[in-house]
Protein chains: 2
Amino acid sequence: MKRRTIKDIAKESGFSLSTVSLVLNNHPRISQATRDRVMAVVKKYNFFPNSAARGLASKSSKTLSVVVPNLTRVFSDIYLGELISGIYERATSQGYKILLDIATAQFIKSQEYVKLLASRRADGMLFIASDIHADYLSVFEDSPYKFLLVNHVYPGKKLNYVSVDYAASARLAAEHLLGLGHRKIGLIAGTNTFTGLQFRDEFIKVCKGWPAGSAQVAWVDGGEEWSQRGGYAAAAKLMAQTPDLTAIMAANDRMAIGAMRWLADNRRDVPEEVSVMGVDDIQLAAYVNPGLSSIRHDLYQVGIESCNRILQLIKGEIADCSDLLPTSLVVRGSTTRARGGK
Amino acid sequence: MKRRTIKDIAKESGFSLSTVSLVLNNHPRISQATRDRVMAVVKKYNFFPNSAARGLASKSSKTLSVVVPNLTRVFSDIYLGELISGIYERATSQGYKILLDIATAQFIKSQEYVKLLASRRADGMLFIASDIHADYLSVFEDSPYKFLLVNHVYPGKKLNYVSVDYAASARLAAEHLLGLGHRKIGLIAGTNTFTGLQFRDEFIKVCKGWPAGSAQVAWVDGGEEWSQRGGYAAAAKLMAQTPDLTAIMAANDRMAIGAMRWLADNRRDVPEEVSVMGVDDIQLAAYVNPGLSSIRHDLYQVGIESCNRILQLIKGEIADCSDLLPTSLVVRGSTTRARGGK
DNA sequence: ATCCTCCGGTAAATCGCTCGACAAGGCAAG
DNA sequence: CTTGCCTTGTCGAGCGATTTACCGGAGGAT
């Protein structure tokens, strides 16, 4: 079975090269009759136009680059799943394909992030892998490349982004715990992203300034990976350091679940002795015992929106983008009124 | 900043178009001196050759298509994470990029799976999304397209595959439980994949034929998604149906964890009353309480191996491929000697 | 009948790079 | 001094589409 080209289709259908091309691109210029006759041949051979040739001539690859963080086994992260599903959904519906990359040391070092766009392998880039050391992203400030941070921000750099509003989440979480009377709160923070820092700072700020009586916050770092394991260790550290705290707030659900696990292993009842709260509202949050109170982050929606935006940037419909999406409180069994609270 | 081409580099460096091309492809034909002078200009402009043009001229996209199943939020699945990480690792080291797709209804219906290869958008396809209804994959039997099933098999079709040996896993699991004296076993099976069926059949066969006394196996379907939720429901059904069983075997860890959850909710002690066992040995297996006994499936390795194979197929180094990778038993706290057992 | 629009289709110039065939120059051997 | 070979670089013909400008003919208006 020899490889066919548009030329073969043209010959067989009796029309010109250009006509076939126009048909393949649904150009209105072509009459229905011609269209049908050409398509019959296309179907007959199950012909699909060469995409490299297409890309070369049209100067567009119809491809989006998606860069995810280099966590050890990265996709285990539910967080990414939602995001990518959302992106895929939008991208596909617009005829775009997704090129997947992991932000490994090698990826950064070899400048793959700019190579992808410079070589036109991708028309735009959705970057989910940002952290506070991603200084190399400066290339994209005022560049002609279409670039967007997904669920991240980079204060001080002019970079497009679509993200959940982490400061708002911090506020919701703090208000929930404070409202339950908690005044000694342990915070397991993620400090390797700007959104993580925003969350921590805002959370502490709200606790300090609470009208009904300021609360103490002891915070520890939950580790680079925001993992269950990290949350487990962090809880241990927190409880050793401040044995009398009545609530633990973790910057994501996985760390919160790790913390709950430590508390269970050490015979501390949740929520009777210690309330625990997470962020993201991953599926598993409803499945642990007791159910984990959380802040709902609709990452699927962030994926959809990010993709919408990057496509608009590519089409030139917008010049830049900085969206913050709202979040909401989800109360389950893991948080309750502080023991000994008023 | 205007878009540069290889021609600009040629002009500026004083060499011909072809020379620059050869330099960029590390062709040995070119002397070090020339190479250096050309590369200086390339670096100066941070030039990256247009990949569409490259693909067109070289008839190779240096891209691999990876197709994952259409579970609701697909990447939440740890299973896939390992696989994709392994694939990415290999692919990248060989200069290949990864094009990601989800096997949605639309994907199947529009024949994207063949379009990707026919349009040369990808040089080969790694298909992780197979199930027993994937009949459309017949296109790839004896086709010129480079296609490989990842961690799946398709009895009756001549398709390349690299998979963990599910029958061997079934044997290991059965022998473990039987060795602990279990004679009434509930099986939560996955019946929408051939590997799932192989596992079920082999498990039952070993139980029936056990030398020290054949065991009864009651099996139920864990659902299409092999999820925690499915495992939970399946456990309920199983215990209602056969209240006196002493062990539950689930075809993957997530269903096993769901089952454990049901047992906990219904005050049945694990493993004292009911032993529970899973398959895959996902990270979470060590994190539940008690730790989940499982069969270790090194999916990362499957990813690596799959990628190796598809690259060999592409290069024509091999003509077909059917690899089964070994598995091993991991004993944790969730399985113990059957109560009332001999 | 003449002129002017549309309408539907086509010719041909790209797009930016690869690679096999060819050429020039240097050097060793005959 | 040829001849022949080796090394290094260049020519130029594609690769398979897109897209702009052009063109012939059918109607409609004058």
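Chain identifiers are assigned alphabetically (A, B, ...) following the order of the sequence lines, protein sequences preceding nucleic acid strands; residue numbering begins at 1 within each chain.
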Legend entry - Any residue meeting side chain to side chain donor-acceptor pair (under 3.5 Å) with A:Asp123, in chain and number order, not counting sequence neighbours: A:Ser60, A:Ser61

Legend entry - Distance in angstrom units between B:Leu22 CG and D:dT10 P, rounded: 10 Å

Inset, instruction - Tell me, please, which residues at least two apart from A:Tyr88 pass ring-ring contact (aromatic ring centres under 6.0 Å, His included). - result: none

Legend entry - Atom-pair distance (NE2 on A:His27; P on D:dT18), nearest Å: 11 Å

Legend entry - Atom pair distance, as rounded to whole Å: NZ in A:Lys62 and P in C:dC15: 21 Å

Legend entry - Gap between atoms CZ and P, on B:Phe15 and D:dT10 respectively (whole Å): 6 Å

Legend entry - side chain to side chain donor-acceptor pair (under 3.5 Å) against A:Arg120, all qualifying residues, sequence neighbours excluded: none

Inset, instruction - Indicate whether OP1 or OP2 belonging to D:dG16 is found under 4.0 Å from a side-chain N or O atom of B:Lys59. - result: yes

Which atom pairs link the protein and nucleotides 11-13 of chain D when you take only N or O atoms and keep those under 3.5 Å?
unit_1	atom_1	unit_2	atom_2	d
D:dC11	N4	B:Ser18	OG	2.7
D:dG12	O6	B:Ser18	OG	3.4

Inset, instruction - Please report how far the helix from C:dA1-D:dT30 to C:dG30-D:dC1 bends, comparing the axis fitted to its first five pairs with the axis fitted to its last five, to the nearest 10 degrees. - result: 50°

Inset, instruction - Look at all strands and tell whether B:Thr5 reaches a base, only sugar-phosphate, or nothing, counting heavy atoms closer than 4.0 Å. - result: sugar-phosphate

Legend entry - Separation of D:dG16 P from A:Asn25 CG (nearest whole Å): 17 Å

Inset, instruction - Please list residues of residues 42-52 of chain A whose heavy atoms come under 4.0 Å from any atom in DNA chain D, ordered by number; otherwise none. - result: A:Phe47, A:Pro49, A:Asn50

Inset, instruction - If the plane angle is over 60° it's perpendicular, under 30° parallel, otherwise tilted; pick one for B:Phe140 and B:Phe147. - result: parallel

Inset, instruction - For B:Arg54, answer base if it contacts any base atom (sugar-phosphate contacts may also be present), sugar-phosphate if it contacts only those atoms, and nothing otherwise; contact means non-hydrogen atoms under 4.0 Å. - result: sugar-phosphate

Legend entry - salt bridge (Lys or Arg N to Asp or Glu O under 4.0 Å) contacts in which one or both residues fall within residues 307-325 of chain A, not counting sequence neighbours: A:Glu305-A:Arg309, A:Arg309-A:Asp323

Legend entry - Pairs satisfying salt bridge (Lys or Arg N to Asp or Glu O under 4.0 Å), at least one member in residues 5-21 of chain A, at least two apart: A:Lys2-A:Asp8, A:Glu12-A:Lys44

Legend entry - Residues that B:Asp131 engages under salt bridge (Lys or Arg N to Asp or Glu O under 4.0 Å), provided they are two or more places apart: none

Inset, instruction - Measure the spacing between CG of B:Leu149 and CG of B:Leu159 and express it to the nearest 0.5 Å. - result: 5.0 Å

Legend entry - From D:dG16, C:dT18, D:dT10, nucleotide with atom closest to B:Ile6 side chain: C:dT18

Legend entry - With sequence neighbours excluded, residues passing salt bridge (Lys or Arg N to Asp or Glu O under 4.0 Å) with A:Lys59: none

Legend entry - Length of the CG-P vector between B:Leu56 and D:dC15, whole Å: 9 Å

Inset, instruction - Could you tell me the separation between the CD1 atom of B:Ile30 and the C1' atom of D:dT10, rounded to a whole number of Å? - result: 9 Å

Inset, instruction - Keeping to residues at least two apart or across chains, list the salt bridge (Lys or Arg N to Asp or Glu O under 4.0 Å) pairs with something in residues 92-114 of chain B. - result: A:Lys97-B:Asp101, A:Lys97-B:Glu112, A:Asp101-B:Lys97, A:Glu112-B:Lys97, B:Glu112-B:Lys115

Inset, instruction - Could you pull out all residues at least two apart from A:Phe194 that satisfy ring-ring contact (aromatic ring centres under 6.0 Å, His included)? - result: A:Tyr154

Inset, instruction - State whether a side-chain donor-acceptor pair under 3.5 Å links B:Ser21 with B:Ser18. - result: no

Legend entry - OP1 or OP2 of C:dG8 under 4.0 Å from side-chain N/O of A:Thr34: no

Legend entry - Among C:dG8, C:dC19, C:dG16, the nucleotide that comes nearest once only the side chain of B:Ala57 is considered: C:dG16

Inset, instruction - Rounded to the nearest angstrom, tell me the gap between atom CZ in A:Arg120 and atom C1' in C:dC15. - result: 11 Å

